[in-house]
Amino acid sequence: MATAVLQSASATGAGGGKDIINDFSIVAATVNGSGSQTANMTLIRALFHMGIPVNGKNLFPSNIEGLPTWFTIRVSKDGYIARRDGVEILVAFNDQTVVEDIRLLPPGGVCFYSDELKLFNRSRDDIIYYQLPVKEVSREALDAAIASGAIRKDDRLKFKGRLASMVYVGVLAQMLGIDMTAIRQALENQFKGRRKPVEMNWNIVQRTADWARENLPKLDPYRVQPMNETAGKIIIEGNTAGALGAIYGGMTVAAWYPITPATSLADELEEYAAKLRKTPDGKATYAIIQAEDEIAAIGMVVGASWAGARAMTSTSGPGISLMTEFVGFAYYTEIPAVIWDVQRMGPSTGLPTRVSQGDLLKAYLLGHGDTKHIVLLPGSVKECFEFGHTAFDLAERFQTPVFVLSDLDLGMNYWMSEPFEYPAKPIDRGKVLDAEAVKRLGREWGRYKDVDGDGIPWRTLPGTEAPGAAYFTRGSGHNEYALYSERGEDWLRNMARLAKKHETAREYVPAPVIDQRQGARVGLMAFGSADPAVVEARDRLAKEGVETSYLRLRALPFSESVRDFIAAHEEVYVIEMNRDAQLASLLRMEYPELATRLVSIAYADGLPLTARFVTGQVLAHERELAGAGR
């Protein structure tokens, strides 16, 4: 068994001799496809079972396997869940990145490293090193697993990385004080109670924890203690939450094409629909189709929705581009559709597995000609679930495509949440005429007539058995009775009604979440997964003497409360993850008389925002204003 290798005498803990409890970050630097995800999820779930607020973020490459990946676990006694700028504890299992990973540690940081690293050297004397016995433990564990029949001899190489990763689970459990019962519970959860993989991994964890107890003196200040901050909560990814929300919202058809980071939403949709959406005799009450491309996927969704299904797709930015013409067609023909855009940094030549909020303008205005769409902006996994079913109600109520803009950070990473609530309201199918209503109206009914003054017409569904119920669906050139028309007055009348319908939507979309502080001259505004960084930044700003109000936008179009919020503050900092200040631009377009109050903090480097960055940007601008005499 390997012997302990510790730091040089000059290294001291970051806490200056004091224990740092439940307030640090761990990064596991491994190789994509090596099986480290099981180890990382075991740690997260164990910490969660201990009642400690925890969040996990996976930074992974765009290839299948072989390139570096970093999984960061943040524990925060204060409940903060945003990404931090740095990490205190490094688990170094990748020769390609170990030199840079060590360089990024703060003085007093901790490096747990595999004894299999070939390029490792103790290049710094101000951090603490612990060598892990990966080579011996993984070899012995593989021999035992093959002998017991848990794995086949031919699969030795396949399982080597997976079992090696469990070495750092055992050592971290011992060195940080992670409860072993919680580790066992996490493994049971991870492997869904399957005895052989649970026991195989548990044996490694126990063995390496015992080894660490005997061979590694505790020299760093970091440790965990049980809390009671996760009782009754769940831990889940946003894509899983969105899929469940869609199922509980009555989804009957989904068509999709694989793309990171949206694929797992469709995968989870298929998995849970198979459990929740079958008749007592086992027949599926839904259809989920992997199409040949994104164009086909949105075409299937529009066709199914026209026929009366609740249909959806999930994609990311490049897929949205391909869907443009069909989405515009659905807007003008007024066909419901739900489109999940799990945003990413860019196309295949960009940073496809990094996070961004760069599709806001595109989603809101997508189409050819004058189009404006309803866009939902979930800021938590709970809202992913809620908007999963709300999107269908809005799509059918307004007879239009509805976008749900999530992103990679929210969609593919693990978040704590209160349990989801079963939808309280019945399904809203909007203005649908049955056969009796059509017969009663006779020639008075027109597919695109605004009879209620809200811009929303009444529709029929195919198969409605009444004379006059059928109509011809075509593109934008039609009159109130769905008859083909190229007359200018018909076009103008239809466009004015569509604009009125969009205005009506302001009263129906989810309202912003507003925390308005009495006397605060500074306002903050953000949406989506920027929220955790802003929440933490507000506490930091308060310590610096800057009291702030906060509006978290949850939907487009804007409600009147957005204008009121801007008007109530001297400066409103608009915080978003894109280059071109897309939200700030929309606000300036909507409220030109208030444009000078808006200050853009737009930043996108592919990583989630941090509270330190937001705080620094606001303070720098406030000092600039103070220097100018404001």
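Quick note: numbers below take in every heavy atom, side chains included, and nothing from hydrogens, waters or symmetry partners. Since this is a predicted model, take the numbers as computed values, not measurements.
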Quiz item: Which pairs count as salt bridge (charged side-chain N to carboxylate O under 4.0 Å, His left out) when at least one residue sits in residues 309-322, sequence neighbours excluded?
Solution: Arg310-Asp393, Arg310-Glu396
Quiz item: According to the interplanar angle, ranging from 0 to 90°, do the rings of Phe385 and Phe420 count as parallel (below 30°), tilted (30 to 60°) or perpendicular (above 60°)?
Solution: parallel
Quiz item: Say you draw a straight line from OG of Ser529 to CD of Gln343; how long is it, rounded to the nearest 0.5 Å?
Solution: 8.5 Å
Exercise. Return each pair, listed once, that meets side-chain hydrogen bond (donor to acceptor under 3.5 Å, both in side chains) where at least one residue sits in residues 238-260; pairs must be two or more places apart or across chains.
Key: Asn239-Ser264
Quiz item: Are any side-chain N or O atoms of Arg506 and backbone N or O atoms of Phe558, one a donor and one an acceptor, separated by less than 3.5 Å?
Solution: yes
Quiz item: Who pairs with Arg45 by salt bridge (charged side-chain N to carboxylate O under 4.0 Å, His left out), at least two apart in sequence or on another chain?
Solution: none
Quiz item: Is there a side-chain contact between Phe71 and Leu59 (heavy atoms, below 4.5 Å)?
Solution: no
Quiz item: What are the two closest non-hydrogen atoms of Ala209 and Met180, and how far apart are they?
Solution: CB-CE, 4.0 Å
Quiz item: Judged by modelled atom types alone, do Tyr414 and Asn58 share a side-chain donor-acceptor pair under 3.5 Å?
Solution: no
Practice problem: Could you grab the distance from atom CD1 of Ile183 to atom CD of Gln174, nearest 0.5 Å is fine? | Solution: 11.5 Å
Exercise. Determine the minimum heavy-atom distance between Gly319 and Thr315, stating which atoms define it.
Key: CA-OG1, 3.2 Å
Exercise. Compare all side-chain heavy atoms of Phe60 with those of Met412 and state whether any distance is below 4.5 angstrom.
Key: yes
Quiz item: Do Ser36 and Phe93 come within less than 4.5 Å of each other through their side chains, counting heavy atoms only?
Solution: no
Self-check item: With sequence neighbours excluded, residues passing ring pair (Phe, Tyr, Trp, His ring centres under 6.0 Å) with Tyr364
Solution: His502
Quiz item: Hey, is CD on Glu292 packed in by over 12 heavy atoms from elsewhere, all under 6.0 Å?
Solution: yes
Quiz item: Is the backbone of Glu576 close enough, under 3.5 Å, to the side chain of Gln357 for a donor and an acceptor to pair up by distance?
Solution: no
Quiz item: Minimum heavy-atom separation for Arg538 to Asp515, with atom names?
Solution: NH1-OD2, 2.9 Å
Quiz prompt | Criterion side-chain hydrogen bond (donor to acceptor under 3.5 Å, both in side chains) on Asp101 and Trp70, from CA distance to verdict | solution = CA-CA 10 Å; Asp101 292 334; Trp70 296 265; 3.0 Å; yes
Quiz prompt | Residue pair Arg554 / Ala511: nearest heavy atoms and the distance that separates them | solution = NE-O, 2.7 Å
Self-check item: All salt bridge (charged side-chain N to carboxylate O under 4.0 Å, His left out) counterparts of Arg552, not counting sequence neighbours
Solution: Glu383, Asp531
Exercise. Give the C-alpha distance, both sets of side-chain angles, the deciding distance and a yes or no for side-chain hydrogen bond (donor to acceptor under 3.5 Å, both in side chains) between Asn94 and Thr30.
Key: CA-CA 5 Å; Asn94 189 349; Thr30 60; over 6 Å; no
Quiz item: With sequence neighbours excluded, what pairs up with Asp23 under the side-chain hydrogen bond (donor to acceptor under 3.5 Å, both in side chains) test?
Solution: none
